[in-house]
Amino acid sequence: MNASSQSALTVANVGVTIGDKVILRDISLAVKPGEFVAIIGPNGAGKSTLLRGLRGLGAISAGTVQVFGQSIHTMGDKQLARTIAYMQQEVNIGFGFTALEIVLAGRYPYLKWWQNEENEDYEIAKKYMAFTGVEALADKSVRQVSGGERQRILLAKVLAQETPLIFLDEPTASLDLVYQEEIFRYCQLMCQEGKMVFIIAHDIKLAAKFCTRLILLTGGTILADGKPEDVITTENLEKAYGLHSAVFINKVTGNLDIHTYKAAGTTTRQPSVHVIGGGGSAGTIMRLLHEKAYTLSGGVFQQGDTDTDVALAFGIQAIVGQPFCVIDKIQGRENREKMLAADFTVLSNLYYGQQNLANLEAAFAAPKLIIIEDTAIEERDFTGGKATKLYRDLLTLPQVTVLNSMQFAAQIADGEFKQVCGQ
Amino acid sequence: MTGRVKNKAAFFAGMTVLLLIVILFSLAWGQVSVPIDAAMTVIGKQLHLPGLDGTGVTPEQTSVIWHIRMPRTLVGLLVGAALSVSGAVMQGVFGNSLADPGIIGVSSGAALGAVIAIALGVTANGIFYMPVFALTGALLAVGLTVALAMRDGKIPVMVLLLAGVAVSMLMGALTSGILTFMNENRLREFLFWVVGGLDYRRWEHVYLAAGPIIIGILILFLLARHLNIMVLGDQEARSVGVPVAFFRLILLVISALTTATAVCVSGTIGFVGLVVPHIMRLLLGPEHRTLLPACALAGGLFLVACDTLGRLVIPPSEVRVGIMTALLGAPYFLYLLRKSQKGGGLS
């Protein structure tokens with residue numbers, strides 16, 4: 001078949017059943033050389049079982065696994081070891097072998113049973129030790145090295161097998177942040193050289209940052225398979241991990257980021273809230289309310305404003321205007337409509353200029369209004385007194401409650417918010 | 001860094017020289033004291049080396065050196081090497097530096113075989129009856145252990161260990177059971193066997209033991225590189241293409257055969273298979289291609305040295321070598337244990 005000869009690894013309908021328990025079912029995928037694939041998923045999803053099964057180290061009860069078109073079950077022990085390298089999760093190295101001795105173990109599949117390692121094998125071992133930065137540890141006992149050094153020694157061993165396919169079962173577990181990234185970076189380099197790396201990762205963000213493809217495994221089957229941004233979605237994370245989350249592009253790092261929170265745990269319908277904000281003043285308010293399952297809308301924010309990003313990440317309807325432009329009539333009207341539709345409105349601790357004065361004017365339309373005041377209005381007024389006057393007028397209205405951010409947060413956390421709103 | 005010996009060639013040369021010195025002393029010392037040069041002359045003459053015709057040695061010296069002490073020393077070398085190398089291999093297979101061939105039932109099986117031979121009274125018929133019975137017992141015990149542990153073509157280390165304990169206890173119970181029905185003379189004979197010794201070993205014993213032990217040790221040397229990988233654990237070994245179950249079975253069988261042969265000619269001698277590999281691993285590291293030859297040399301050296309000391313401590317009586325090894329080995333072992341507790345973790 002043409003398709004299978006192109007792909008490095010072809011897995012068709014693989015299932016694993018141990019006793020009566022179905023661990024994996026219906027796993028099908030094809031991976032090409034150069035792909036850097038992470039298997040993610042909650043504990044017990046069957047990630048390690050899958051990796052062991054694909055390497056031929058664990059029995060599979062259904063389906064086929066082919067490497068470059070050849071079934072792994074027709075391959076000999078050493079031939080398989082020359083094709084797929086496998087790094088297990090926890091390696092307990094008995095006795096005090098030196099780092100070099102460990103890495104040389106990767107040359108085993110190339111030697112006849114009576115042969116000893118030749119100069120070439122030593123050179124290959126040293127080359128990969130240099131690649132992972134552990135050449136200086138060659139004569140050191142693996143018991144005397146740090147966790148990060150040990151993982152890099154084991155990675156060098158796996159590389160010394162010089163296989164086109166590399167399987168790594170959570171190589172970053174128990175490593176410092178620096179080493180975690182480093183392992184992913186080595187893998188990325190290897191993929192650029194045309195190898196295929198299959199890695200089990202717990203850190204979804206790290207996997208999304210480095211891998212070209214993610215496979216989300218849950219309950220023994222593939223929930224999603226594709227580019228990181230297509231796999232890491234709020235819906236998938238909820239299905240796989242039961243997590244409430246917001247997925248967004250972190251503007252500081254430019255990477256996919258995930259914010260997770262505990263579900264509100266309430267079944268009664270929470271009131272709907274419209275948040276007036278902008279310039280980052282409404283972000284925390286929206287997050288707190290969203291996590292307590294309030295139905296939210298927001299506006300008028302500006303493009304590129306963090307409030308806009310927060311609204312986007314949580315899937316909150318937001319009215320967004322052009323940056324550094326005066327809020328136009330249509331947006332102003334929309335803002336008022338949202339207020340009327342909501343059970344109550346929150347006005348954030350906004351700074352006022354000519355562009356966003358309309359937000360303050362609109363607040364008069366709110367049937368119920370909570371004003372968040374952390375800073376005196378005079379300090380936030382860049383309109384020459386216009387905003388201060390409006391604000392003072394607003395405060396005289398009967399439907400208005402004034403709170404500072406701390407009070408507001410505490411009341412939301414306690415669920416007393418409804419009382420404040422007179423509900 | 002690792003505290004290992006750097007120059008391995010020098011280490012082996014030193015060990016060989018030390019071994020030769022110990023051999024010479026073991027030949028020269030004893031109830032009949034023979035000067036070392038006379039001892040060397042006797043050996044030279046027996047080996048038909050030229051240029052020794054003029055030098056005179058008494059017939060008594062010749063018979064003491066060549067017919068009494070030489071076979072005894074050679075058996076000591078063979079047995080010491082066999083026990084140490086098998087011990088090192090077992091520790092590798094089990095991934096535990098406290099393992100020895102006794103753990104899979106070799107010694108208890110051999111003891112059962114020996115006690116059966118004694119109970120049947122066949123030992124009086126010739127010196128080969130006892131070894132054959134002991135060897136059979138050892139192999140049956142190991143076979144039973146492996147058969148109990150093997151499932152789906154795999155031999156899990158943990159199950160093997162437990163099966164070994166169970167089989168050893170079974171063999172021990174049968175041995176004790178038979179002992180309770182034996183008369184005093186035969187009990188004495190068994191006791192003499194169970195406390196291993198090298199006294200009264202003759203050239204026949206050398207011929208009997210040399211073949212199996214030397215072949216066994218050579219095969220284990222050849223498999224040393226595979227053992228290195230197996231020590232890293234099942235998954236690790238399988239992932240680089242080692243047929244783990246196959247090599248584990250071969251290593252178990254060969255080291256059990258080698259040990260059983262040693263036990264047959266010398267009775268049970270403890271601590272050699274435990275202490276010698278342990279010290280060698282501390283000095284040379286766990287690389288089995290250097291560790292196993294070093295164990296062979298050091299094991300022979302240790303056993304012959306213990307035997308020679310045993311002959312000297314309370315003349316004219318002898319302390320049997322099995323007691324000497326335990327007397328020297330146990331305290332050293334405890335010392336290692338304490339030291340590793342302080343250092344954290346057994347090596």
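Letters A, B, ... are given to chains in the order of the sequence lines, protein chains preceding strands, and every chain is numbered from 1.
- Salt bridge annotation for B:Arg289-A:Glu117: present, with a cationic side-chain nitrogen under 4.0 angstrom from a carboxylate oxygen.
- For A:Arg107, no part lies under 4.5 angstrom from a heavy atom of chain B.
- The minimum heavy-atom distance linking B:Ala262 with B:Leu83 is given by the pair CB-CD2, 4.2 Å.
- With a 4.5 angstrom heavy-atom cutoff, A:Leu104 does not touch chain B via any of its atoms.
- Heavy-atom pairs under 4.5 Å with chain B peak, among A:Leu80, A:Val158, A:Asn116, at A:Asn116.
- For the pair A:Leu29/A:Phe198, a side-chain contact is recorded, criterion being any heavy-atom separation below 4.5 Å from C-beta on.
- There is no contact between B:Phe94 and chain A, counting heavy-atom distances below 4.5 Å.
- The shortest non-hydrogen separation linking B:Val276 to B:Gly299 is CG1-N, 3.7 Å.
- Ranked by heavy-atom pairs under 4.5 Å with chain B, the first of A:Arg82, A:Lys78, A:Met87, A:Arg55 is A:Arg55.
- Judged by the 6.0 Å and 45° rule, B:Arg338 forms no cation-pi pair with B:Tyr335.
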